[in-house]
Each structure stands twice: as structure tokens, then as C-alpha cells.
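In what follows, every heavy atom counts, from backbone to side chain, and hydrogens, waters and symmetry copies are set aside. Chain A is the first sequence line, chain B the second, and so forth, proteins listed ahead of strands; every chain is numbered from 1.
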There are 2 protein chains.
Amino acid sequence: MNDVARLAGVSIKTVSRVVNDEPGVHPSTAERVLAAIDQLGFRRNLSARNLRRGSSTGTIGLVLEDVGNPFYSGVTRAVEEIARLRGRQVISGSSDEDPGRERELALEFCSRRVDGLLIVPAGLQHSYLVPEMRAGTPVVFLDRPAGDVVADTVLVDNIGGTVEAVTHLAAHGHRRIAFLGDAPDIFTANERLRGYREGCVRAGIGYHEELVAMGPHDESSVLTTLQRLQTMREPATAIVAGNNRITVYILRALAGVAERPALVGFDDFELADLLSPPVTVIAHDASALGKAATDLLFARLDGDNSPPRRVVLPVRLVPRGSGEVHA
Amino acid sequence: MNDVARLAGVSIKTVSRVVNDEPGVHPSTAERVLAAIDQLGFRRNLSARNLRRGSSTGTIGLVLEDVGNPFYSGVTRAVEEIARLRGRQVISGSSDEDPGRERELALEFCSRRVDGLLIVPAGLQHSYLVPEMRAGTPVVFLDRPAGDVVADTVLVDNIGGTVEAVTHLAAHGHRRIAFLGDAPDIFTANERLRGYREGCVRAGIGYHEELVAMGPHDESSVLTTLQRLQTMREPATAIVAGNNRITVYILRALAGVAERPALVGFDDFELADLLSPPVTVIAHDASALGKAATDLLFARLDGDNSPPRRVVLPVRLVPRGSGEVHA
DNA sequence: CCGCTGGGGGACAACGTTGTCATAGTGGCC
DNA sequence: GGCCACTATGACAACGTTGTCCCCCAGCGG
């Protein structure tokens, strides 16, 4: 800006006026300034501007588990969309389920003075955010709740979803329904397990420990588990998969197998309807989750001071075939 | 920092020293300062720091078409990964194929003084970036080349890929091979069309306009096109799909159809191997693309001044079944 | 001719940091 | 005791902006 001012033969304040379309600059002067700006390729430094004006940085921070996962990239897309409507940029990072990394990212974003923070928690401790929250930075947790702070949270109905899955399978005559879930220290995995258990009890088929296999899972652990489930005294005739990755592992393991158990997966995924048989899922909308969380964040930014809210989004069972196999 | 200094009874410079682990502060003083920092929840303002030090902002900008698309979210993930290793945050945004939006995002990122820019071009004009590039901001284009500037670019071998697809189908006896591509003003779509044409010529089956349908496509346009292709005098017996979305549209349109044409899709996608028949694709690696581009960007940041490079990443045909149907 | 008005423009401080340099005190050595 | 070296600390400017306040001067009315 200094250089522009020198080249145009005016003070930097006048350049500032031109750049900001402020009134009170003679057209001929403005023209000289614009020419200088063009010639020098000047671009206003937003950081300096925000610093001086004490205004918001126009950014929001997004910490999620893995942008590469279609579920989270759907969330990201929705967040971006709304942020854009409100004139904000999104800075994002993946924690890979590492609490340390989550914290590092969140605090880094705070150092950059983001206007707000959206976090898919990896860990259970979030008191590190208390100073920021007290300082007025709104924080919304999504997909999973915060560990040890009370804050806005947007979840999906994990328990209701698995209850429904089990109920659905039981209605088709299954009494030996297995559950393959993610690592039990992950909130959603644990909730879904609870839903599974409740569903079993409600259906009157009882909860049997030997039908449950919590993760972390990979392709081979799923394969082993399935073998165990099918060779036990009373084999499982149906499976509830705890998330989209596990569903896919199961599908791979079952590829080419003649006698397939019924299957209901948590999380919808592309092409589920084109497989044979098409896969019945508990669907919930990544973009709805992102939207709800971002809306909440902006409500806070708009001055909403009401007590922290917990929003639970509904899920719905989408019957496609794999879950409608009779026992 | 001012408040911290006041509370600790020292000058702000001393606080700065403590925050930056600079030597020459008495342990007892440092302790007082740390206590004050803790009590006030102070967090250093990175913008101000970077402004003062004239150092990099530690961010890189990523403009892509749509984070929600698994291909681009794979790219994003790879970019993030490498940026992280080099201590940078990623700011990203989706252009939705809108050149105006692409420009807006890129310039916004420049205003934020990103250290470098990664762009999946939506438009054909990128001279708006010339001032930035001259000012030393490295820019790498990925997936598609820049319109009217010479710059680093990382592409995949679109032509080679479709040539291979056609050759593969012709080797299985097909002589009526159709091509469904994206809108022809999209670079990759156009290249793939060229590859298709060249493949036809090389295979000695000739290029026939009526077998080509360029987009933009949606589910219904694909359906109509397929009907046309199958009811013409000499029906198409094989199809090359120009990208992953189109492949999926075709799969949906063909669901339940008995007499299926052979199919090779450009872009691999999850579960392609579990469909029946499994889908033969031209695969290329999103994360390799992201990694190559980011590596190139960092090489520039490390001072590499060699002339702009154009990297073309290989693709490979993955036969799975849908492309090995004999005519 | 004087004073007032208002448009056009500039000087300066400040945002939150950090780099540079100065200074006060302390202890050791001749 | 005087001087030096060294440690601990602070004052101040500057990064690139913008908000505040002030000034100059032309034009106009009396």
C-alpha cells in the first residue's frame, strides 16, 4: 500500500479510501491510485486489515476424523456451503481419531482466531477449549459429544437406529443377530452397541455376548469374526454392521458366499442399491449433520446466548433387500 | 499479551519472550508470566505474529471442484497430509465448476496471504493470478491445466486411459463402442474424448459421431442416451464412461437389464469390485494426484526456480468383468 | 474583504506481535 | 574501588491496515 501511495503520489490513507470504496476521493485521484494498484499487482492484506479493525477473521475451523471418508466429506461440503453463504472460509484438518492431533488442530485454529469451531471429537477431554469458549469463540461438536465440557452438540440417533435395525431383522424371524461395531471407546460405536442390546431385549431374543464383536476392525478381523459367527453352535443368521467401513468389509467377506446372513448396515453409502442383494441400511444424512451444526454455530455468532443445545437428528431404515431375508 | 504483562507485572516484551521460549528470562519471572497466561486464557495471535515477522502465514489454499466428490476428497486428504508434515494448514473451497467462484476463492486466499495455491481449474482464464505469481506465490494446477498462463500442472493420462479402454474393448471383439463423456468444455472430458477417438482409429473400427454423447449428463439424459444407443441400426455393444458419476448413472440405468453392453469406466470407485458384474475401470489415484501437486508446490516454496513443469500421472486399466464381455 | 462551509486529502495512532537496542543491576577480577 | 562482562528486563519501532482528527483551499454570501 505504501508503494502504491508513492507511485500514485498520494498518502496511504487515500489508497486505503480507494481500496475500500470510501467517499471523498476525487475521481482523477482514484483513477491514479487504481492504475498504481494495477501496475504493482497490489492486493490488500486481509490479516492486517482484520487485526486493525478488530473484526472477525472470516474463517471457521473444522476438525474432523478424515476428509477422505465420504461421510465426512459430505459434512465438509455442507459446512463449506453454509459458511460461504455467510461469507466465511473454512479451515479444516483431519484428526485420524488421535485426540492429541484433534487438540493440536483446534488450538492452532484458535491461534488463527477463527470465528467458530466445529469439532468431530476424537478424544474425551475438551476442557482445553474452556478458555476459548469463555473468550467467546463458539464451539459446536458434531457426530459425537464433547468429553468434559457442556457445549452445543449435534448427533444422530445412534441408539434409535440400531434398535430399529434389530427390530427389523427380528420381524423377519431372526433370533440370532450379530453386531459388528467399531472400537468401543468411540462414542458412536458404543451408542450403537447400546441400541443393539436394547433392540435385542425389546425383541425378546435376549442379548448374547458371543454375538458381539467390537473393533477396531479391518478386513481380516471381520473375516475371522464372520467365520466364528457362522460356525458356532447356534450360528448367527443376521448381522448389524456398526458403520459404513465395517459394512463394506462384511460385503467383501461375503462376496461369492452362497448362504448369506441378512445384513443391515449403519450409514448409507453410494451404490448400496446396486449391489446384489441391495444393502439395507440405517441412513442418516451427512450434509444434514453438517448443516445443523453450522447453523447452530452461526446462531451463536449472531448472538444466541441460550444454554447449550443438544440436537439429535433422526435416522431412517432403508429396506433394500439384504435385511429382508427371512431366517 | 498486554493484559498478561500487566497481571504478571512485567513488560509485554518479557511475555513475548516467555511465549516464544526465548532465553534470558528469570525462572521465577517466567513462572509468574505462565500463571498469568493460564489465568487469562491467553493465546498468541498468529496473524499479528506473522504480520510482524513478515513470515509465512503457514497456510496453503486449495480450490477444487467439490469436496463432496470422493475423488476430490481423496485429493484433499493427500494435500492435508503433506501440508501437515510441512507444518501448514489447508484452507479449501469448492468452485462447483463455476469459473467466477474459482477466481473469487483463489483471490480470497491470496488476500489471506497463503504460502501457495493448489487449483483444480473450473475456467479457462487464469491470468488473474499473474500478479500473485509474479509476487512469488507458487501456484500448481491439478487435474486440469491452466487456461492462459504457464504454470506447474499435474494431470493424469486421460488420453492414454481412454485409448486403452477402447483398445481393451476392441480386443474383446467390440466394433460399436460408445462414449459418454462430461461437458466438452471441461478439459478432462475433452481429452478423454480425444483418447476415445484415437483408440477407435487405432483399433481400426473408425470414429462414429453417433456413438458419442457429451454432457453435462444427469441420470435421465444417460438413460435416454442408452436407449438411443441400443435401438440404432447397428447398436452399441460396449460403452466407455467418461467419469465416475457417469459410470454410476449408467449402472443405475442398466440395473435389471438382461442384455448389458460391455462397460469400462474412467475413474475407479469404491465397491466397483462388488457389483455384478464387477466394473472394469481406468483407475488413477486421487491421493497420488494430490501428493504430486503438493510436493511440487513445496518444492517451489523451497526455492526451486526451474521452468514450470507438467507432470502426467499414469493410469491403469483394472479388468474386473464388465469390460471383458465378448461382443 | 472577511468568514464560513465543505470537499479533498494527510498525519498519526493503534491493532497484537517481535526485533533491536538500551539500561539497570550484580558479581568478579585486578 | 573501579571496571568489565553478563544477566534480566524494558522502551520503542515496525509489520500493513484503518479510524480519528485535522488542515488546506476553493467558493460563496454578506
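- Distance, A:Ile12 CD1 to C:dG9 C1': 13 Å, rounded to whole Å.
- Contact between the side-chain N/O atoms of A:Ser16 and the OP1/OP2 oxygens of D:dT18 is found at a separation under 4.0 Å.
- In the set C:dT17, C:dG9, C:dT18, the nucleotide with an atom closest to the side chain of A:His26 is C:dG9.
- For the salt bridge (Lys or Arg N to Asp or Glu O under 4.0 Å) test with A:Arg144, the passing option among A:Glu97, A:Glu191, A:Glu102 is A:Glu97; the others fail.
- Annotation for B:Glu22: atom CD counts as buried by contact number, over 12 foreign heavy atoms lying within 6.0 Å.
- Within 4.0 Å (heavy atoms only), A:Val25 reaches sugar-phosphate atoms of the nucleic acid but no base atom.
- The CZ atom of A:Arg6 sits 11 Å away from the P atom of D:dG16 (whole-angstrom rounding).
- Of the residues in residues 45-53 of chain B, B:Asn45, B:Ala48, B:Arg49, B:Arg52, B:Arg53 come within less than 4.0 Å of DNA chain C through at least one heavy atom, sorted by number.
- With rounding to whole Å, A:Asn2 atom CG is found 14 Å from C:dC12 atom C1'.
- OP1 or OP2 of D:dT9 lies within a sub-4.0 Å distance of a side-chain N or O belonging to B:Thr29.
- For B:Met1, taking side-chain heavy atoms from C-beta onward, the closest of the listed nucleotides D:dT9, C:dT17, D:dT18 is C:dT17.
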Produce the list of close N/O pairs, under 3.5 Å, pairing protein atoms with atoms of nucleotides 23-26 of chain C; give distances to one decimal.
none

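- Atom CG of B:Asn20 is separated from atom P of C:dG16 by 17 Å (rounded to the nearest Å).
- Among the nucleotides D:dT17, D:dA8, C:dG10, the one closest to any side-chain atom of A:Lys13 is C:dG10.
- Using a 4.0 Å cut-off between charged side-chain N and carboxylate O, A:Arg103 and A:Asp98 make no salt bridge.
- Under the 4.0 Å criterion applied to side-chain N and carboxylate O atoms, A:Asp96 and A:Arg101 are not assigned as salt-bridge partners.
- Salt-bridge annotation for A:Arg86 and A:Asp115: absent, with no side-chain N of the basic residue lying under 4.0 Å from a carboxylate O of the acidic one.
- Classified by interplanar angle (parallel below 30°, tilted 30° to 60°, perpendicular above 60°), the ring pair A:Phe71/A:His284 is tilted.
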Handout entry: Full working for salt bridge (Lys or Arg N to Asp or Glu O under 4.0 Å) between B:Arg300 and B:Asp152
Key = CA-CA 10 Å; B:Arg300 296 305 184 183; B:Asp152 289 318; 2.6 Å; yes
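- For the pair A:Val15 and B:Gly54, both in contact range of DNA chain D, the more 5′-proximal nearest nucleotide belongs to B:Gly54.
- With hydrogens and angles left out, the side chain of B:Arg17 and the base of D:dG10 share a donor-acceptor pair within 3.5 Å.
- The separation between A:Asp3 atom CG and D:dC15 atom C1' is 13 Å, rounded to whole Å.
- A close approach under 4.0 Å does occur between a side-chain nitrogen or oxygen of A:Thr14 and OP1 or OP2 of C:dG10.
- Rounded to an integer number of Å, the gap from A:Arg32 CZ to C:dG9 C1' is 11 Å.
- Spacing between atom CD of A:Glu22 and atom P of C:dG7 amounts to 15 Å, rounded to whole angstrom units.
- Closest non-hydrogen pair, A:Ala106 versus A:Ile119, comes out as CB-CD1, 4.1 Å.
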